[in-house]
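No hydrogens, no waters, no symmetry mates; every other heavy atom, side chains included, goes into these values. Keep in mind that what you see is a predicted model, and the values were worked out from it rather than measured.
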Amino acid sequence: MAGSGDSRRSDIGLKFARIGIGSRRNQSRSNCLFFSSRRKAPARAAIAVLLLFGLPPASFAETVIDPDGPFRMGEGYADRPATCGTIKHWIDHAPQTDDRITLTISGRLVAVDWDGTLAYLVMCDEKDVQVMCVTYSKEGRNIGDPVLFAGGYARFGARRIMLDPCLASPEE
């Protein structure tokens, strides 16, 4: 039995040696370069540089948003909302990011629907780019009412935008 146990240990040792785990003797073999010291040198140098000079500024990773545009990173209202007349231009200039983007748009409602749980408010004519606001209440709104939408931007095709979640307020 002792012989079979030793054989098993040597098979396991051989498997670990092939991926670079085991004795120093095994790591010097040509098929064991995964954890070799030569591969550690560039990583160590990069860590040293980062420690000495710090991390690059976060501004390199930030998404650029036009301050005059209707988009904002995160949540918040833009100073200049889009309109049904300008939204076609703006959707082609939406920030390219996986982070949350808020779109602000003002106009008149062309459709209002309630499913018992959520309200679906639609702005802009069907022949143009339409914007749907998914919110929790119609709040007595009707087709033709002027509103201001601000919500999480998602584009669906060439002419559909959904804002979810969305805040709808009377346009002043």
| task | List the steps, then state whether side chain to side chain contact (heavy atoms under 4.5 Å, CB included) holds for V112 with N142. | result | CA-CA 6 Å; V112 176; N142 296 303; 5.7 Å; no

| query | Mind checking whether M73 and D99 have side chains closer than 4.5 Å, heavy atoms only? | reply | yes

| If every non-hydrogen atom of M123 is compared with every non-hydrogen atom of I105, which pair is closest and at what distance? | SD-CG1, 3.7 Å

| query | Within the side chain of D92, is there an N or O that forms a donor-acceptor pair under 3.5 Å with the backbone of H89? | reply | no

| Closest approach of P165 to R100 (non-hydrogen atoms, all atoms of both residues) | CD-NH1, 3.6 Å

| query | Taking all non-hydrogen atoms of both residues, which atom of L163 and which atom of G151 are closest, and how far apart? | reply | CD2-O, 3.7 Å

| query | Rounded to the nearest 0.5 Å, how far apart are CD of E75 and OG1 of T102? | reply | 6.0 Å

| field | Transitive ILVMFWY cluster of Y136, excluding itself - 4.5 Å side-chain cut-off | value | V110, L118, Y120, V122, M132, V134, F156, M162

| note | Note: C133 and A168 closest approach over all heavy atoms is SG-CB, 4.1 Å

| field | Minimal non-hydrogen separation, P81 against S106, with atom names | value | CB-N, 4.1 Å

| message | Is there a side chain to side chain contact (heavy atoms under 4.5 Å, CB included) between I87 and L103? Walk through the geometry before answering. | response | CA-CA 10 Å; I87 192 63; L103 170 70; 4.0 Å; yes

| task | Compare all side-chain heavy atoms of E126 with those of R160 and state whether any distance is below 4.5 angstrom. | result | yes

| For the student: nearest non-hydrogen atoms of W90 and P70, plus distance | CD2-CD, 3.3 Å

| message | Applying side chain to side chain contact (heavy atoms under 4.5 Å, CB included) to L121 and V147, what does each step give before you reach the verdict? | response | CA-CA 10 Å; L121 310 175; V147 292; 5.8 Å; no

| task | Report yes if the side chains of C84 and D128 come closer than 4.5 Å at any heavy-atom pair, otherwise no. | result | no

| What's the spacing between T86 OG1 and R80 CZ if we round to 0.5 Å? | 11.5 Å

| What distance separates E171 CD from T83 OG1, expressed to the nearest 0.5 Å? | 9.5 Å

| task | Indicate yes or no: at least one non-hydrogen side-chain atom of P170 is less than 4.5 angstrom from one of R141. | result | yes

| Heavy atoms, side chains only, cut-off 4.5 Å: are Y77 and L167 in contact? | yes

